[in-house]
K.L.:
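Below: one structure in structure tokens.
Each chain gets a letter, A, B and so on, in the order its sequence line appears, and its residues count up from 1.
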Amino acid sequence: AQSVTQLGSHVSVSEGALVLLRCNYSSSVPPYLFWYVQYPNQGLQLLLKYTSAATLVKGINGFEAEFKKSETSFHLTKPSAHMSDAAEYFCAVSRVGGTSYGKLTFGQGTILTVHP
Amino acid sequence: DVKVTQSSRYLVKRTGEKVFLECVQDMDHENMFWYRQDPGLGLRLIYFSYDVKMKEKGDIPEGYSVSREKKERFSLILESASTNQTSMYLCASSWYRGLDGYTFGSGTRLTVV
């Protein structure tokens, strides 16, 4: 069964600092991996996805993530945080097999705070 | 742009009421999902539908049912609302294999009193 662990339920950075949000996955088959962002009182928006092409994936708003099979990780980074990046971020892995195909398992979320 | 529309942003219902949460998508997606979101627990899948009239239980289906009579509409039903069903409910849709990810609605915050 697939699972996702996000390390750190809260991350705080200064504006202009590096953002690093950690995600480790467990999957018995090559996974498809996603990062979503949720702004207050809104639904989730897709930031980026890994679907077995390039291991370094670029997304919207300057975010990127690197798939590392040996570490079973898919960490999200942004070189320079902006106040507008403050939100909750979710990592997800796609389930595979039978009618599970297409269902996502989500991590518990990481709340990113950006302070001036 | 694919849009997923949830009929209500905020709902307040009484214990024991039957509650309907409606979700409509406009991109002809095969798959539709209902999740609930609670602090510290992330998103948990309630029900999933991969075709009209087809449904599958998710991880926490107890106390819920669903209906999908048309491809674009997926309804979540709380048969007899209880206070522990107070939560944020998120609807999502995707293509059949889901490999492009989901498109989410804005959510319905349900309070059961």
K.L.:
When heavy-atom pairs shorter than 4.5 Å are enumerated against chain A, which of B:D38, B:D59, B:L41 gives the highest number?
P.N.:
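Option with the greatest count: B:D59.
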K.L.:
For chain A, which of B:R109, B:M88, B:R9 has the most heavy-atom pairs under 4.5 Å?
P.N.:
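With the most close heavy-atom pairs to chain A, the winner is B:R9.
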K.L.:
May I ask you to check whether A:F74 and A:Y25 place their ring centers less than 6.0 Å from one another?
P.N.:
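They do not qualify: ring centres at least 6.0 Å apart.
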K.L.:
Answer with side chain, backbone, both or neither: which region of B:Y10 has an atom nearer than 4.5 Å to a non-hydrogen atom of chain A?
P.N.:
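Only the side chain of B:Y10 comes within 4.5 Å of chain A.
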K.L.:
Just do the side-chain contact (heavy atoms from CB on, under 4.5 Å) check on B:M32 and B:C23 with the steps written out, would you?
P.N.:
CA-CA 9 Å; B:M32 297 189 75; B:C23 175; 3.7 Å; yes
K.L.:
Linking I/L/V/M/F/W/Y whenever any side-chain heavy atoms sit under 4.5 Å apart, do B:F104 and A:L76 land together?
P.N.:
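They do not share one cluster, since no chain of ILVMFWY contacts under 4.5 Å joins B:F104 to A:L76.
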K.L.:
Can A:E64 and A:K78 be said to form a salt bridge (charged side-chain N to carboxylate O under 4.0 Å, His left out), step by step?
P.N.:
CA-CA 6 Å; A:E64 61 182 35; A:K78 182 174 180 178; over 6 Å; no
K.L.:
Please state whether the side chain, the backbone, both or neither of A:L44 comes within less than 4.5 Å of a heavy atom of chain B.
P.N.:
both
K.L.:
Heavy-atom distance under 4.5 Å to chain A: side chain of B:R44, backbone, both or neither?
P.N.:
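It is neither, since no heavy atom gets under 4.5 Å.
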K.L.:
Any side-chain heavy atom of B:E56 sitting closer than 4.5 Å to one from A:K103?
P.N.:
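Heavy-atom side-chain distance check passes, below 4.5 Å.
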K.L.:
Please state whether the side chain, the backbone, both or neither of A:S9 comes within less than 4.5 Å of a heavy atom of chain B.
P.N.:
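Contact with chain B is absent: no heavy atom of A:S9 under 4.5 Å.
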K.L.:
Please classify the contact between A:Q6 and chain B as side chain, backbone, both or neither, with a heavy-atom cut-off of under 4.5 Å.
P.N.:
neither
K.L.:
If I measure from the heavy atoms of chain A, does B:E30 come under 4.5 Å with its side chain, its backbone, both, or neither?
P.N.:
neither
K.L.:
Side chains of B:L21 and B:L11: closer than 4.5 Å at any heavy-atom pair?
P.N.:
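Contact flag for B:L21/B:L11 side chains = yes.
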K.L.:
Against chain B, label A:E88 side chain, backbone, both or neither, depending on which of its atoms sit under 4.5 Å from a heavy atom there.
P.N.:
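Contact with chain B involves the side chain of A:E88 alone.
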K.L.:
Run B:L76 and B:R36 through side-chain contact (heavy atoms from CB on, under 4.5 Å) and show every step you take.
P.N.:
CA-CA 11 Å; B:L76 179 69; B:R36 66 176 282 176; over 6 Å; no
K.L.:
Report which part of B:Y102 has an atom under 4.5 Å of a heavy atom belonging to chain A: side chain, backbone, both, or neither.
P.N.:
both
